[in-house]
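Worth saying up front: this structure is predicted, and the values here are computed from it rather than measured.
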Amino acid sequence: MLRYAAGRVACSSCRVQPATTLRLGVTCRNLAPRPGNVMRIRQKSAAATMPLPSTQLPGVAKPSAESMLGKLRAFFSSEGGLVKPGYETAVGVWLVGTSGMLFSMIAIGGYTRLTGSGLSMTDWRIEGRSLPRTEEAWVMEFEEYKRYPEYQRLHAGSMELAEFKQIYFIEWFHRMWGRAAGLLFAAPLGYLIVKRALRPVLAVRLTGLLGLGISQAFVGWWMVRSGMEPPEKHTPTLGQNQRPRVSPYRLASHWTAALTLYVGCVWNALSLLRPSPAEVHTTAQAIAAAGKLRALALPVTALVGITLLSGPFVAGNDAGHAYNTWPKMLDDWVPPEWLKAVGNPASSWRAFFEDTAVVQFDHRCLAYASAASAFALYGYSLCLPLAPAVAGAARLLPTAVVAQMCLGVATLMLYVPTELGVAHQAGGVAVLTSATVLMHVLRLPPLRLP
């Protein structure tokens, strides 16, 4: 007897596979064609070519790709609000509080770095740990710290246990403050998701920020680990016998992630607590003016952001402890190291991130450009019929930028005292806040087709 399988004929008696595909009257080599076999083959081949019955229910339209995309857009749209009615103030205030925690976390991080405390804890646990409780435990921690370059090159034979306890506490507090900020964000977020108080678009945004915050803990330890290795490994262009410090590249990564978290919380808080774009821009002229200013505000904000991202390379290379003069860099308006690097960027690209003179000169020039562009933006805003909220935000940005630049000059000329260094780092976040407020108030109402 013949059996049909996948368009071929097989003999059940001899189990020999045929050499040809199914054709009318063809059987295996050991079996002659028979009328019954041929009829069975005809029936099976006809059944194989018949179309499958449709599972579409009568009167029900099949969803198209366009309709599915529209539903997806509606799911993630914020037009219906970011939260359920009645939760706007509570969620907004919670995000403002989280932003304040992050702001303080950034300032504490600056203090930890400037006091030389960041490398005092030589291990890391995601759940955290308590301070050593006995003198023996403190001695064990101190002995572990002595194994690494910072002690060996800077403090060998000169640091006492009491001094080590001070820098250890600062680093410990910085880490525990970060864990507290994470818990104060994660716990309310979980509660609001369970209560279904957040619309999908906001739930996705805040969950993404939580994931970034968790990864920030690992990035921070990755950064600290670089300081426990010989600095020549991370900045080879600076030669031998360098001062132990964390990699400026990893410091920039940690700083960028922190600013991203901060801006994400501030932006969503403003979206909940500030009026909608339609309430801010109440006339067609105001909408058109906001669109014009927004086109210029975008590159200005990008320039401010690049200036902030150049800061970690100044801090990571201790570039603020050199060329402590202004407006010149010692006797030069343009340092020869910068001219050399610009003359051959392909082979000198590391100088833009590691050379003290080049890094500091770049940061100075970016600060000047940020101040000039912020004032130009403000001058342009005076020529436009803007809403009062937009005019106020446009005036705030150049004020913050110039104050930060003056603070930076004072910090440099006074050889980076700890208090001014922390204030300068916090001032950078204040500038970013003013730029975020400006971009938020420049949102345009959605276009309504007639």
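- Distance check: Leu202 CG to Leu192 CG gives 8.5 Å after rounding to the nearest 0.5 Å.
- Using a distance-only test at 3.5 Å, with no hydrogens or angles considered, a donor-acceptor pair links the side chain of Gln216 to the main chain of His254.
- In this structure, Lys165 contributes its side chain and Trp138 its backbone to no donor-acceptor pair below 3.5 Å.
- Residues Thr418 and Tyr111 form a side-chain contact, since some pair of their non-hydrogen atoms from C-beta on lies under 4.5 Å apart.
- Interatomic distance, Thr115 OG1 to Arg113 CZ, rounded to the nearest 0.5 Å: 9.5 Å.
- Using modelled atom types, one side-chain atom of His281 and one backbone atom of Val441 make a donor-acceptor pair closer than 3.5 Å.
- With hydrogens and angles left out, the side-chain atoms of Asp355 and Trp338 include no donor and acceptor closer than 3.5 Å.
- Atom CH2 of Trp222 has more than 12 neighbouring heavy atoms from other residues, nucleotides or ligands inside a 6.0 Å radius.
- Side-chain atoms of Gln360 do not come within 3.5 Å of backbone N or O of Gly320 as any donor-acceptor pair.
- In this structure, the side chain of Asn324 engages the main chain of Leu412 through a donor-acceptor pair within 3.5 Å.
- The aromatic rings of Trp349 and Phe353 sit perpendicular, their planes meeting at an angle over 60°, well past the 30° parallel limit.
- Note that Lys146 lies in the cation-pi zone of Phe142, set by a 6.0 Å cut-off to the ring centre and a 45° limit from the axis.
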Exercise for the section: Begin from the C-alpha positions of Thr433 and Tyr262 and carry the test side chain to side chain contact (heavy atoms under 4.5 Å, CB included) through to its verdict. Expected result: CA-CA 9 Å; Thr433 305; Tyr262 177 77; 2.7 Å; yes
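- Within the 4.5 Å cutoff, the side chain of Val390 has no heavy atoms near those of the Leu384 side chain.
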Handout entry: side chain to side chain contact (heavy atoms under 4.5 Å, CB included) evaluation trace for Cys265 with Met101
Key = CA-CA 11 Å; Cys265 289; Met101 286 286 291; over 6 Å; no
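- Aromatic ring orientation, Trp221 versus Trp124: parallel (interplanar angle below 30°, classes split at 30° and 60°).
- In this structure, Phe313 and Phe352 have side chains that are not in contact, with every pair of non-hydrogen atoms separated by 4.5 Å or more.
- A 4.5 Å side-chain heavy-atom check between Leu396 and Leu438 finds every atom pair outside the cut-off.
- Looking only at distances, no side-chain donor or acceptor of Glu150 sits under 3.5 Å from a matching main-chain atom of Pro244.
- The OG atom of Ser120 sits 9.0 Å away from atom CD of Glu141, with the distance rounded to the nearest 0.5 Å.
- With contacts defined as side-chain heavy-atom distances shorter than 4.5 Å, the pair Leu272/Asn268 does not qualify.
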Exercise for the section: Decide yes or no on side chain to side chain contact (heavy atoms under 4.5 Å, CB included) for Val401 and Thr307, but give the supporting numbers first. Expected result: CA-CA 11 Å; Val401 171; Thr307 306; over 6 Å; no
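- Open room surrounds CE on Met140; 12 or fewer heavy atoms of other groups in view lie less than 6.0 Å from it.
- No donor-acceptor pair closer than 3.5 Å links the side chain of His234 to the backbone N or O of Val246.
- Note that CD of Glu163 is 6.5 Å distant from CD of Glu160, once rounded to the nearest 0.5 Å.
- Checking side-chain atoms of Gln285 against main-chain N and O of Pro385 turns up no donor-acceptor pair under 3.5 Å.
- In this structure the side chain of Leu198 reaches within 4.5 angstrom of the side chain of Leu189, judged on heavy atoms.
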Exercise for the section: Evaluate the criterion side chain to side chain contact (heavy atoms under 4.5 Å, CB included) for residue pair Leu95 and Leu206; output intermediate values, then yes/no. Expected result: CA-CA 10 Å; Leu95 289 175; Leu206 298 184; 4.1 Å; yes
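- At least one side-chain heavy atom of Leu377 sits under 4.5 Å from a side-chain heavy atom of Leu293.
- Side-chain atoms of Trp255 never come within 3.5 Å of backbone atoms of Ser310 as a donor-acceptor pair (strictly under, hydrogens ignored).
- The structure places CZ of Phe361 at 10.0 Å from CG of Leu366, a figure rounded to the nearest 0.5 Å.
- Rounding to the nearest 0.5 Å places OG1 of Thr122 at 8.5 Å from CZ of Arg225.
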